[in-house]
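Working notes, beginning with the structure itself.
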Number of protein chains: 2
Amino acid sequence: MASVRETLRVPKGPVDLEEIDPRGTPVGPTRKAAAADEMADLGVRLDTLQEALYAEGTGGGTRAVLLVLQGMDTSGKGGVIHHAVGLVNPQGVQIASFKRPTAEELAHDFLWRIRKQVPVPGRIGVFDRSHYEDVLVARVDSLVPEEVWQARYAQITAFEQELTGRGVTLVKCMLHISPQEQAERLLARLDDPTKRWKYNPGDLDTRAKWPAYQEAYEAALERCDADAAPWYVIPSDRKWYRNWAVAAILAETLEDMAPVFPPPDFDVEEQRALVRVSLR
Amino acid sequence: MASVRETLRVPKGPVDLEEIDPRGTPVGPTRKAAAADEMADLGVRLDTLQEALYAEGTGGGTRAVLLVLQGMDTSGKGGVIHHAVGLVNPQGVQIASFKRPTAEELAHDFLWRIRKQVPVPGRIGVFDRSHYEDVLVARVDSLVPEEVWQARYAQITAFEQELTGRGVTLVKCMLHISPQEQAERLLARLDDPTKRWKYNPGDLDTRAKWPAYQEAYEAALERCDADAAPWYVIPSDRKWYRNWAVAAILAETLEDMAPVFPPPDFDVEEQRALVRVSLR
């Protein structure tokens, strides 16, 4: 089987999101029940890998993972955190949600608030939205002049190179849904009183700009994809596929990193004897 | 069945930890398999409750939960976070680990670093060690003069009253293990190369002061137990019982709080119509 990463990596060259089926299952499970079985296995794999990464960090290792989640409203950024990131020990996870910037954040360069949330060694950082908002909503809504957002693609690439240079492995996932699926999810939120708090009337304004957003996503995917900081396009109209795909990409990424448990910096036999003596 | 909270609450009056069996199962499952079944149910209960608490927070609610974990080395603070806290959506959880204070932290009063980590509304905060270290290691190792640590019990009580006054429900769990069990766990860490990174030779120095630590714990349990900020003593020689007990206490606490999904601040019918129109 082709690796999940190879299959879901954004294609080289011009990106046309219309060519990628949001209901597709191009690799891995094609049914919900099969995905559930695979999630259980992924949970075991991810748990061990995360523990090794964490241990490596305590032993002086500098590596970390940064999972960047982007997608239109209802695409499932929160669902991925719940069901895919939720598979690993929460102690090893560092989640940052980027909402509309505050006045203080706007007074700094756009990467200022992002830098503060880069995961420390040994951790899996998760960005629920990210610096990409600064070339998405900022571009679509002209929050800054064009020359400003145009310059950001290169600034983002430089920033991500800096991160990978100091040991942060980036995993960037665009959760790709169709406008039909978004409408169904919005209606589902309205129907269920326990989901209404997730509904925001402002989401309809963003929805009305769907084509402009897709174009902005295409530009970000095309201009900021790099082997060291790859973009994946996750078919997300089926929640179970989306959660499986992100978990599988995380597992493959961590397996590639092959984190190692640090060797002891003490004499194991000596310590064993001391523990035994303390029992008398 | 008596509630888990009633049964595991620290007894009123003088506390004698020797009277509490670290291998006991005074309430709930008495076997590992039964505990595993109950954990699955607890996962469902906790997930719903946590989502409601989170939703309440987004709707202007001010309530939060703070789980304080204390216990001797190897008692399982990390295990509880992994297996009990790990049952809920990581997005709603805020974990803080308090290690040996830094020079900057020592330059402030002992609650300074603690205050910065109090959970925001809607979250379940978890303290892996806490302000109680300032009446545990600080007392046992005379890190500060006796009049300083003696004054801290009242300062802690006042601080916790302040927290409960602004909507933070405290759940304080002392993970109670026997010195025999600690020795076995230390040896297990030494035996397994993937566990050695958790072993710290300094733990034996702390272990050598076991009676002084038990006395310090007894004082903290006795002097800082309050109905609004209760202490629970969790029999922790059996890991499955410990994880179950903390998860069950969390669930009972959240059920008591009865968080509510906020009502919509928009017209549901109107929004439904707008979504439907956007589909044409």
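In the text below, chain A, chain B and the rest are named by the order of the sequence lines, each starting its count at 1. Just the heavy atoms: all of them, side chains too, but no hydrogens, waters or symmetry mates, feed the values below.
- Interface remark: B:Ser97 contributes side-chain atoms only to the contact with chain A (heavy atom separation under 4.5 Å).
- Counting heavy-atom pairs closer than 4.5 Å to chain B, the top residue among A:Thr58, A:Val93, A:Ile81 is A:Ile81.
- In terms of heavy-atom pairs under 4.5 angstrom with chain B, the leader among A:Leu187, A:Leu274, A:Asn89, A:Leu186 is A:Asn89.
- Nearest heavy-atom pair across B:Leu190 and A:Val268 is O-CG1, 3.8 Å.
- At a 4.5 Å heavy-atom cutoff, the contact between B:Pro90 and chain A is made by backbone and side-chain atoms alike.
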Exercise. When you look at A:Val275 and B:Tyr199, which way does the side-chain contact (heavy atoms from CB on, under 4.5 Å) test go after all the steps?
Worked result: CA-CA 11 Å; A:Val275 176; B:Tyr199 185 91; 3.8 Å; yes
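- Atoms CD and OG, from B:Gln180 and A:Ser278 in turn, are 9.5 Å apart once rounded to the nearest 0.5 Å.
- The part of B:Ile95 that comes within reach of chain A is its side chain, from C-beta onward, which places non-hydrogen atoms under 4.5 angstrom from that chain.
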Problem set entry | Steps toward side-chain contact (heavy atoms from CB on, under 4.5 Å) verdict (B:Arg189, A:Gln271) | CA-CA 11 Å; B:Arg189 286 182 179 180; A:Gln271 293 297 320; over 6 Å; no
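- The greatest number of non-hydrogen atom pairs below 4.5 Å with chain B, out of A:Pro263, A:Ala55, A:Gly86, A:Ala52, is found for A:Ala55.
- Partners of B:Arg196 under the salt bridge (Lys or Arg N to Asp or Glu O under 4.0 Å) rule, at least two apart in sequence or in another chain, do not exist in this structure.
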Problem set entry | Test log, rule side-chain contact (heavy atoms from CB on, under 4.5 Å), inputs B:Gln91 and A:Val85 | CA-CA 9 Å; B:Gln91 193 137 35; A:Val85 176; over 6 Å; no
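- The closest side-chain heavy-atom distance from A:Arg272 to B:Asp191 is below 4.5 Å.
- Contact detail for A:Pro193 and B:Phe261: the closest heavy-atom pair is O-CB, 4.1 Å.
- Residue-environment remark: NZ (A:Lys209) exceeds the threshold of 12 foreign heavy atoms within 6.0 Å.
- With chain B as partner, the option from A:Ala183, A:Pro201, A:Pro264, A:Pro262 having the largest number of non-hydrogen pairs under 4.5 angstrom is A:Pro201.
- There is a side-chain donor-acceptor pair under 3.5 Å between B:His82 and A:Asp47.
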